[in-house]
Amino acid sequence: MYTTKFSVSAPRNFSFWRTVFSHGWCSLPPFKVDKERHTFERLLELRDGTLVHCVMRETSTGFRVQAQSGKPLGDSQKKEMRDQLRACMRLGDDMAPFYAEARKQKPFRWVPRLGAGRMLRAPTVFEDVVKMICTTNCSWALTEITVENLTTKLGKQFNPAVDGAGGAEYSFPTPTALASATEKFLRKEIRSGYRSPYLLELAENVASGKRNLESWRTSTLPTEELFKEVRSVKGMGDYAAGNIMRLLGRYDYLGLDSWVRAQYYTLHKQGRKVGDKTIERHYAPHGKWKGLFFWLDMTKSWYNHQFPF
DNA sequence: GCGTCCAGGTCTACC
DNA sequence: GGTAGACCTGGACGC
């Protein structure tokens with residue numbers, strides 16, 4: 001096993017742990033938080049298929065990475081590994097305009113002060129979309145089971161030395177790997193139920209080049225058109241597409257689900273139910289940032305106690 | 001241990 | 001454009 005160590009510097013307004021805990025993604029493999037060691041881990045798969053297990057630790061200027069691989073890494077592989085981690089942690093996102101808006105509004109002045117607002121994402125849009133479909137119409141516990149099954153049964157195993165003796169890590173399946181599964185396998189082994197044909201169709205379209213999800217992160221399409229494209233993936237309704245938009249850096253949609261609706265009723269209506277249009281109206285003044293203001297408003301309590309551990 | 005009911009978004013058919 | 005019903009699973013609950 002070969003070890004590579006390097007540091008990643010981040011903008012001054014970056015908060016390592018607030019990015020990691022920005023939403024549920026950090027607890028879905030191949031991401032992993034080790035609360036005892038205070039590390040954030042991720043098994044990356046590089047374009048050439050090389051697996052690299054990265055352990056990240058917060059530093060005063062960003063984070064430090066200790067990466068393990070089966071073979072020594074070349075310069076281009078090291079660059080790709082760094083680029084993937086930067087993409088996950090949203091280091092390329094310019095948060096200054098959003099923070100300037102947040103500073104103008106008293107209820108949101110805590111956001112720039114704490115460095116909140118960067119939302120963790122996967123190295124690929126494909127992984128984000130597959131995981132998002134796995135969150136639809138089910139409990140979080142089932143999402144965790146489904147994603148765990150996807151990695152252990154269709155991903156690649158890292159650390160062959162232990163070979164099933166515990167401690168092995170698995171990568172997230174590539175589009176080709178997922179496309180090679182049958183619907184029956186997905187239903188029975190992955191437990192993805194009626195979502196199985198949606199996942200298969202998506203994987204087949206990406207693997208064949210019919211759909212290029214990765215272009216969404218750099219797309220110049222107007223937000224409304226990009227949303228329509230995201231929404232055109234079978235299994236992606238308003239909730240799922242709205243949340244994917246946030247991971248693409250577009251914050252015009254709220255991505256409402258039952259949990260955030262309940263949060264809104266509690267925080268703003270004394271528990272009284274209201275329609276989605278009322279919620280939309282509440283955040284409309286925030287313009288193109290409304291989806292991010294909304295999410296931070298709903299999750300503010302996460303930041304109230306000592307953070308992160 | 002077994003059966004029943006419910007919650008959770010999206011799709012499709014229908015009005 | 002709006003709505004009802006089906007889709008599938010895990011968990012809660014009653015027996």
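Lettering follows sequence order; numbering is per chain, from 1. Computed over heavy atoms, backbone and side chain alike; hydrogens, waters and symmetry mates excluded.
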**Q** Let me know, please, whether A:N137 or A:I145 comes out on the 5' side of the other along DNA chain C by nearest nucleotide.
**A** A:N137
**Q** With a non-hydrogen cut-off below 4.0 angstrom, is A:S139 in contact with a base, only sugar-phosphate, or nothing?
**A** nothing
**Q** Out of C:dT9, B:dT12, B:dG9, which nucleotide sits closest to the side chain of A:K234?
**A** B:dT12
**Q** Would you say B:dG8 has OP1 or OP2 under 4.0 Å from some side-chain N or O of A:T135?
**A** no
**Q** Check the distance between B:dA7's P and A:R261's CZ and give it to me in whole angstrom.
**A** 14 Å
**Q** Rounded to the Å, how far apart are A:I190 CD1 and C:dG10 P?
**A** 12 Å
**Q** Quick one: do A:E101 and A:K104 make a salt bridge, cutoff under 4.0 Å?
**A** yes
**Q** Testing the basics here: between A:C26 and A:V20, what is the closest heavy-atom pair and its distance to 0.1 Å?
**A** CB-O, 3.2 Å
**Q** With a 3.5 Å cut-off and no angle check, do the side chains of A:T223 and A:R250 form a donor-acceptor pair?
**A** yes
**Q** Round to the nearest Å and state the distance from A:D276 atom CG to C:dT3 atom P.
**A** 12 Å
**Q** Evaluate ring-ring contact (aromatic ring centres under 6.0 Å, His included) for A:H286 paired with A:F294, printing each intermediate quantity in order.
**A** CA-CA 9 Å; A:H286 296 295; A:F294 168 67; over 10 Å; no
**Q** On DNA chain C, check which nucleotide each of A:R187 and A:A141 is closest to and give me the residue with the more 5' one.
**A** A:R187
**Q** Between A:K71, A:E45, A:Q77, which is the residue that forms a side-chain hydrogen bond (donor to acceptor under 3.5 Å, both in side chains) with A:T50?
**A** A:Q77
**Q** Give a yes/no answer on whether the side chain of A:R191 brings an N or O atom under 4.0 Å of OP1 or OP2 in C:dG10.
**A** yes
**Q** Map A:M236 and A:L142 onto DNA chain B by nearest heavy atom, then report which one ends up closer to the 5' terminus.
**A** A:L142
**Q** For C:dA6, take OP1 and OP2 only and decide whether either is under 4.0 Å from a side-chain N or O of A:R195.
**A** no
**Q** For A:D238 and B:dG8, what is the distance between atoms CG and C1' respectively, to the nearest whole Å?
**A** 16 Å
**Q** A:L256 CG to B:dG8 P: how many Å, rounded?
**A** 14 Å
**Q** Choose from B:dT10, B:dC11, C:dC7 the nucleotide whose nearest atom is closest to any side-chain atom of A:Y194.
**A** C:dC7
**Q** Expressed as a whole number of angstroms, how long is the span from A:E189:CD to C:dC8:P?
**A** 17 Å
**Q** Given atom CG of A:L186 and atom P of C:dT9, what is their separation to the nearest angstrom?
**A** 11 Å
**Q** Which whole-number value in Å describes the distance from A:F185 CZ to C:dC8 P?
**A** 18 Å
